[in-house]
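Whatever order the structure lists them in is the order used to number ligands and atoms, beginning at 1.
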Amino acid sequence: MSVTNHIRLEEEKKVPPKLNKYMHARNPYRTPPSFKKLASVYPEFRPYCSYDVGGKVHLDFKDPKALRALTTCLLHQDFDLKVTIPDDRLVPTLPLRLNYLLWIEDLLMHAAHCETSDVIVGVDIGAGASCVYPLLAARKLGWNLVATETDNINFTAATTNVNNNDLQDNIIVKKVDDKTVLQGVLDDADIQKQMYLKKKEVNDNNDDDDDDDDEVMSELNNTPSDTPCKHTDGDDNKSMKYMFDFTMCNPPFFSSEEETDSMKKSKKQRGEPISSPTGCIHEKVTTGGEVTFITQMVEESHKFKSKVRIRSTRDGQGNYRTSCN
Ligand SMILES: C[S@@+](CC[C@H](N)C(=O)[O-])C[C@H]1O[C@@H](n2cnc3c(N)ncnc32)[C@H](O)[C@@H]1O
């Protein structure tokens, strides 16, 4: 056996094969976290651990409090993030969230030809109380994010999480209306101004298009915040090309509470492990389910396609869907 194959086999042993198949190559959780180490460092994690005769630590994945403790302790241990998630809100599983970000990073590098030194600006639709994607993207990858939320409790918790980690320079949390998905965000003059200035700072060093810059800034300055800016309204704008590098979304998937139950039952019938569902109903349910939500997202994205390089979303089957300029 070649050395490379041997190393690969050794690496693949680190996570159960079924899980490893879906884990991005750069995902740090290809090596599962040690619950023993976590319990030794974080007293708040200990109450949810049980020990077998061999001293191995086990966690009850059916207890939402145990899941919350696992996620918040890992965010602190592995990313130096202090995150608070209110009791009844969605607890994100970190390996899957990292997969999505790393996949976007691949698309940015390979499909959009971005350099690692570029200022990356994205939008996370429906950030949740944890604000997990924007926090990880800012801390791990150095990106800038606009995080949108419709829910008051999630908006407040997400804002607190951003402030508690001093990431206000990288993340704007915006409360939005549930009638829209991207409209009112991508065309918000205030947001555009802040993101444009971030990109301009770096581009100024190697950009000779000063006239275009002046024209764009002058229009943004003369557009009241929270109102559409004509530069982003349609395809005719050349100077503000790709103000946003990507949009991402983990949408509410279900059309009713009953549908969330039927998903649980079918997982059980297939013998798949079920961790306790977390989150309140309106984080998971939306009128018309994911089809209506994603259709609206696609329609609104189309309107702004000259402003966003990569448009993406997860779906209820765990697939990632994208459209790239
Ligand atoms: C499935 S949760 C995802 C939360 C978080 N991104 C995560 O992955 O853990 C969906 C979130 O989208 C929010 N939401 C629903 N409709 C929305 C809309 N039109 N615009 C922005 N957020 C929305 C919900 O309040 C909820 O927090």
* Asked: Does a side chain donor of either T72 or Y42 reach within less than 3.5 Å of an acceptor in the other side chain?
  -> no

* What do you reckon, does K284 put a non-hydrogen atom under 4.0 Å from ligand 1? -> no

* To do: Take every heavy atom of V176, measure it against each atom of ligand 1, and state whether any distance is under 4.0 Å.
  => yes

* Asked: Which protein non-hydrogen atom lies closest to atom 4 (C) of ligand 1, naming both residue and atom, and how far is it?
  -> G126 O, 3.4 Å

* Structure fact -> Nearest non-hydrogen protein atom to atom 14 (N) of ligand 1, with distance, is T150 OG1, 3.4 Å

* To do: Mark up the atoms of ligand 1 that fall under 4.0 Å of a heavy atom belonging to N250, in ascending order.
  => 1 (C), 2 (S), 3 (C), 7 (C), 8 (O), 10 (C)

* Mark the output for C131 as yes if a heavy-atom distance to ligand 1 is under 4.0 Å, and as no if none is. => no

* Structure fact -> One finds that the ligand 1 atoms under 4.0 Å from a non-hydrogen atom of N154 are 25 (O), 27 (O)

* Are F244 and I191 close enough that some pair of their side-chain heavy atoms sits under 4.5 Å apart? -> yes

* Atom NE2 in H58, atom OH in Y51: separation rounded to 0.5 Å? -> 11.0 Å

* To do: Evaluate the ring planes of F35 and F61, with Trp represented by its six-membered ring, and classify them as parallel (under 30°), tilted (30 to 60°) or perpendicular (over 60°).
  => tilted

* Structure fact -> Residues at least two apart in sequence or cross-chain that pass side chain to side chain donor-acceptor pair (under 3.5 Å) with N161, listed by chain then number, are none

* **Candidate list D245, V121, T247, test side chain to side chain contact (heavy atoms under 4.5 Å, CB included), partner R309, passing option** => D245

* Could you establish whether F293 and ligand 1 come within less than 4.0 Å of each other, counting only heavy atoms on the residue side? => yes

* Asked: Identify the closest protein heavy atom to atom 5 (C) of ligand 1: which residue and atom is it, and at what distance?
  -> A127 O, 3.3 Å

* Structure fact -> Note: ligand 1 atoms sitting under 4.0 Å from heavy atoms of P252 are 15 (C)

* To do: Could you see which bit of A129 sits under 4.0 Å from ligand 1, with heavy atoms only: side chain, backbone, both or neither?
  => neither

* To do: Might you confirm whether atom NZ of K175 has over 12 heavy atoms from other residues, nucleotides or ligands at distances under 6.0 Å?
  => yes

* Structure fact -> Minimal heavy-atom distance between R311 and S301, with the atoms involved, is CD-CB, 3.3 Å

* Does T180, backbone or side chain, put an N or O under 3.5 Å from an N or O of ligand 1? -> yes

* Heavy-atom closest contact (L135 atom, S130 atom, distance) -> CD1-O, 3.3 Å

* Would you name the heavy atoms of D60 and A66 that are closest together and state the gap between them? => O-CB, 3.5 Å

* With a cut-off of 4.0 Å, which atoms of ligand 1 are near a heavy atom of D151? -> 25 (O)

* Option set R89, E149, R97, E290, criterion heavy-atom distance to atom 13 (C) of ligand 1, minimum -> E149

* Structure fact -> Looking only at protein heavy atoms, what sits closest to atom 2 (S) of ligand 1 is E283 O, 3.5 Å

* Asked: With a 4.0 Å cut-off on heavy atoms, is V91 touching ligand 1?
  -> no

* Within one Ile-Leu-Val-Met-Phe-Trp-Tyr cluster: L102 and L96, side-chain cutoff 4.5 Å -> no

* No-hydrogen, no-angle side-chain donor-acceptor test under 3.5 Å, D178 and H282 -> no

* Structure fact -> Within 4.0 Å of some non-hydrogen atom of L90, the atoms of ligand 1 are 2 (S), 3 (C), 4 (C), 7 (C), 9 (O)

* Asked: For ligand 1, which atoms, with element, lie under 4.0 Å from some heavy atom of G128?
  -> 4 (C), 27 (O)

* Structure fact -> One finds that the ligand 1 atoms under 4.0 Å from a non-hydrogen atom of T148 are 21 (C)

